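Inspection log for the structure reproduced underneath, given as structure tokens.
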Amino acid sequence: MEKVTVKQIFRETESFLDKEIQVSGWVRTVRDSKTFGFVEMNDGSFFKNLQIVFDNSLANFDEIIKYTISSAIIVTGTLVESPGSKQPFELKATGIELEGNSDPEYPLQKKRHTFEFLRTIAHLRPRSNTFSAVFRVRSLAAYAIHRFFQERGFVYVHTPIITGSDCEGAGEMFRVTTLDLNHPPRDEKGQIDFSADFFGRSTNLTVSGQLAVETYCMAFRNVYTFGPTFRAENSNTPRHAAEFWMIEPEMAFADLNADMELAEEMIKYIIDDCLANAPEEMEFFNSFIDNGLFDRLINIVNSDFAHITYTEAIEILKKENAGFDYPVDWGKDLQTEHERFLTEKVFKKPVFVTDYPKTIKAFYMRLNDDDKTVAAMDLLVPGVGEIIGGSQREERLNVLERRMAELGLIKEDYWWYLDLRKYGGTRHAGFGLGFERMIMYLTGMTNIRDVISFPRTTGAAEF
RNA sequence: UCCUCGAUAGCUCUAUGGUAGAGCACACGGCUGUUAACCGGGUGGUUGUUGGUUCGAGUCCAACUCGGGGAGCCA
């Protein structure tokens, strides 16, 4: 007898109709009557459940009607067209075996739970509809991202998780150490002596693979990283986690315009791919999580992203004067309320904001001819805000060294980074995409804790 | 870190300062095509913790703990 998955049954129904098959999975609910009953079963291969019909001709009928939610079962039977309107077919069971019982205290009920409660049972929540859909889409989106870059000849580079450079400059870092924290070795000044540490120096978890991937960019032309990053920021919001995944492409012989073209193409590719390959999940999100989701995503795919410079953005915001809590002034960074106003009220679609003042951006961003702004871009999207930050990098050694000096950075710490400008440096550009923020945008989920399997946030690392 | 809201049965939530409640889950009974099945009766409580006000506190006050939302920072 052929063992099949629920996904196969849904995708190739014709080849299984009126045939005897075997399926296995977990009970979602049992509805029983005096002489017959229904088991709703999910086998993990597919978002939707399979309805199984059984009656008291089965020897273990009395046990089956008592199966608890999430019991593991193996079912044999014939796939038939269903008289019910809620499903096209059902499995008429000739045998149902209990593989593993589920304790009656199983905490997931059939009714709705709050996401807050489900976070406390992060080991069980993938069995719920919402999380089944979220993590299936997360997997597909990751694959789509790899395919997008691989199809374009980008080389996937694994940059280190443990980094010896304490100069990535993207936020607070987690220290990595094997020193005895109760009795750390001290130098003559009484400072902790990290030369006695495992790596012979102070090390941290990476906050960005960008500087490292730039080195491979100068060898492979077009490259990308896709891996975990860590920020020890004490920020407690629905959009921040201490451990999250980031995609960072980097292109040689490319300027800021090419960078933005790549970002726009990538966003559209991921959306298209998930709509095509996870239609049931996306339908679920549109119906139960975010009613405007399809309209928004289709609008993104079909529209050209807007482009404005930071200076133009400031002019628009000053003219609109929409009662902002924070003042709008050239030289100050855009606040969340300003970003959302631009993308949600002014443009009503994704918008690239470019050419920020050099004083509010990182040292490696390429200085524009006006000597005041840098070739940086942020992509703002309705609902989420900033989803991508990128720039053309400063390839001119003397300008880069001058910028570092202005910001008080020590040249010797960046010796290998500066070497790239000495040995055949070229224009190059890249960006960073927060993977979880992309998933939030794709699914309509509003809390980052609900798109990471086991989220790590300030004060929370259960599981 | 700051501001703000919240914490009552396993879950989701009601309860004017005066007897602790419902739906779901769970166990039991009923029902010949159910659809988060339905119907019946049943089990289930240190009201987050500590202290205070009061004849009397789930309810009012204070601190703490945990959680949500907003802000800062960012992806």
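As the structure is a prediction and not an experimental result, all values here were calculated from the model. In the text below, chain A, chain B and the rest are named by the order of the sequence lines, each starting its count at 1.
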Counting only distance, no hydrogens or angles, is the base of [N] paired donor-acceptor with the side chain of [X] under 3.5 Å?
| X | N | result |
| --- | --- | --- |
| A:D32 | B:C31 | yes |
| A:H113 | B:C11 | no |
| A:Q109 | B:G10 | yes |
| A:E90 | B:G33 | yes |
| A:E40 | B:U35 | no |

Once you apply a heavy-atom cut-off of 4.0 Å, does [X] come out as touching a base, just sugar-phosphate, or nothing?
| X | result |
| --- | --- |
| A:Q51 | base |
| A:F244 | base |
| A:L108 | nothing |
| A:P83 | base |
| A:K92 | nothing |
| A:F38 | base |
| A:D55 | nothing |
| A:Y106 | nothing |
| A:R119 | sugar-phosphate |
| A:T114 | sugar-phosphate |

Could you please name the option among [options] that lies closest to any side-chain atom of [X]?
| X | options | value |
| --- | --- | --- |
| A:F117 | B:A71, B:U32, B:C11 | B:C11 |
| A:K34 | B:C13, B:A71, B:U32 | B:U32 |
| A:R449 | B:G69, B:G72, B:U35 | B:G69 |

Inset, instruction - Report the distance from atom CD of A:E339 to atom C1' of B:A71, rounded to the nearest whole Å. - result: 13 Å
Would you say a side-chain N or O of [X] is under 4.0 Å from OP1 or OP2 of [N]?
| X | N | result |
| --- | --- | --- |
| A:K66 | B:C28 | yes |
| A:R31 | B:U34 | no |
| A:T336 | B:G72 | yes |

Legend entry - Parallel, tilted or perpendicular: ring planes of A:F284 versus A:F288, cut at 30 and 60 degrees: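 The rings of A:F284 and A:F288 sit tilted, inter-plane angle from 30° to 60°.
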Inset, instruction - Using the side chain to side chain donor-acceptor pair (under 3.5 Å) rule, pick out the option among A:K48, A:E281, A:R28 that qualifies with A:N129. - result: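 That would be A:R28; it is the only one of A:K48, A:E281, A:R28 passing the side chain to side chain donor-acceptor pair (under 3.5 Å) with A:N129.
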